[in-house]
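The block underneath contains the structure these notes are about, expressed in structure tokens.
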Amino acid sequence: MLVPGSRDSAAAPDPVRTRLVAAGAAALTVGAGLGLRAVAAGSLGKYGGDALYTVLLLALVVLAAPRMTPLRAAGIALAASWGIEFLQLSAVPAELSRHSAVARLVLGSTFNAPDLFWYVAGAAAGWLVHTALSRRLRAAPGQVVRSA
């Protein structure tokens, strides 16, 4: 349990600030994904979108559980991305995608093994950003945060 003013409470980021940053990151990630789809074709658009998909899931995990460690949040986002990809081996996502553009964006429709690698890339990038932002959010106002 964290006690205000104690050494441990100074190390924990404020959950409200963390949620605000996570919400902003989610919005930026959606914008980046839509922008990438609009301007990039082929592999860059597809695989960049896969990585951003996992970054978005990571931001949503942090939004729901702001005290979660960056590594755990990245692991959950990666597991969800992989789970959805493997679900595409069944007919369920393809059928839902035929009826809904939202389902198509969230679930996809067909399994593609290289996507699994790009989800790892997105989880790693999200973990790096989340770790850096967590350090900044833990710092007291006006305190300079130095990278180790």
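Treat the numbers as computed from the prediction; the structure is a model and nothing was measured.
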Interatomic distance, [X] atom [atom1] to [Y] atom [atom2] [nearest 0.5 angstrom]:
{"X": "Arg19", "Y": "Asp14", "atom1": "CZ", "atom2": "CG", "answer": "10.0 Å"}
{"X": "Leu128", "Y": "Leu133", "atom1": "CG", "atom2": "CG", "answer": "11.0 Å"}
{"X": "Leu107", "Y": "Glu95", "atom1": "CG", "atom2": "CD", "answer": "12.5 Å"}
{"X": "Leu57", "Y": "Ile84", "atom1": "CG", "atom2": "CD1", "answer": "6.0 Å"}
{"X": "Asp50", "Y": "Tyr119", "atom1": "CG", "atom2": "OH", "answer": "4.5 Å"}
{"X": "Arg138", "Y": "Arg17", "atom1": "CZ", "atom2": "CZ", "answer": "11.5 Å"}

Restricting to non-hydrogen atoms, name the atom on [X] and the atom on [Y] that form the minimum distance, rounded to 0.1 Å.
{"X": "Leu60", "Y": "Ala26", "result": "CD2-CB, 4.3 Å"}
{"X": "Leu137", "Y": "Pro13", "result": "CB-CB, 3.9 Å"}
{"X": "Ala123", "Y": "Ala74", "result": "O-CB, 3.7 Å"}
{"X": "Leu87", "Y": "Ser90", "result": "O-OG, 2.7 Å"}
{"X": "Ala22", "Y": "Leu63", "result": "CB-N, 3.8 Å"}
{"X": "Leu116", "Y": "Phe111", "result": "CD1-CZ, 4.2 Å"}

Side chain to side chain, [X] and [Y], heavy atoms closer than 4.5 Å:
{"X": "Val21", "Y": "Arg136", "answer": "no"}
{"X": "Leu71", "Y": "His130", "answer": "no"}
{"X": "Arg104", "Y": "Ser109", "answer": "no"}
{"X": "Asp115", "Y": "Lys46", "answer": "yes"}
{"X": "Trp118", "Y": "Thr54", "answer": "no"}
{"X": "Leu56", "Y": "Val30", "answer": "yes"}

- Message: Connecting only ILVMFWY residues whose side-chain heavy atoms lie within less than 4.5 Å of each other, what is the rest of Val16's hydrophobic cluster?
- Response: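 Cluster partners of Val16: Leu20.
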
- Nonpolar side-chain network containing Leu52, other nodes, edges under 4.5 Å: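 Noted: Leu52 shares its cluster with Leu36, Leu44.
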
- Query: Considering residues at least two apart in sequence or located in another chain, which fulfil the ring-ring contact (aromatic ring centres under 6.0 Å, His included) criterion with Phe117?
  - Reply: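 For Phe117, no residue satisfies ring-ring contact (aromatic ring centres under 6.0 Å, His included) once neighbours in sequence are set aside.
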
Using modelled atom types and a 3.5 Å cut-off, is there a donor and acceptor pairing between side-chain atoms of [X] and backbone atoms of [Y]?
{"X": "Gln88", "Y": "Ala94", "value": "no"}
{"X": "Tyr53", "Y": "Val106", "value": "yes"}
{"X": "Ser97", "Y": "Pro93", "value": "yes"}

- Decide yes or no on side-chain contact (heavy atoms from CB on, under 4.5 Å) for Asn112 and Tyr47, but give the supporting numbers first. CA-CA 11 Å; Asn112 185 29; Tyr47 296 125; 3.4 Å; yes

- Is it the case that one hydrophobic cluster holds both Val39 and Leu34, taking links as side-chain heavy atoms less than 4.5 Å apart, direct or via other members?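 Different clusters.
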
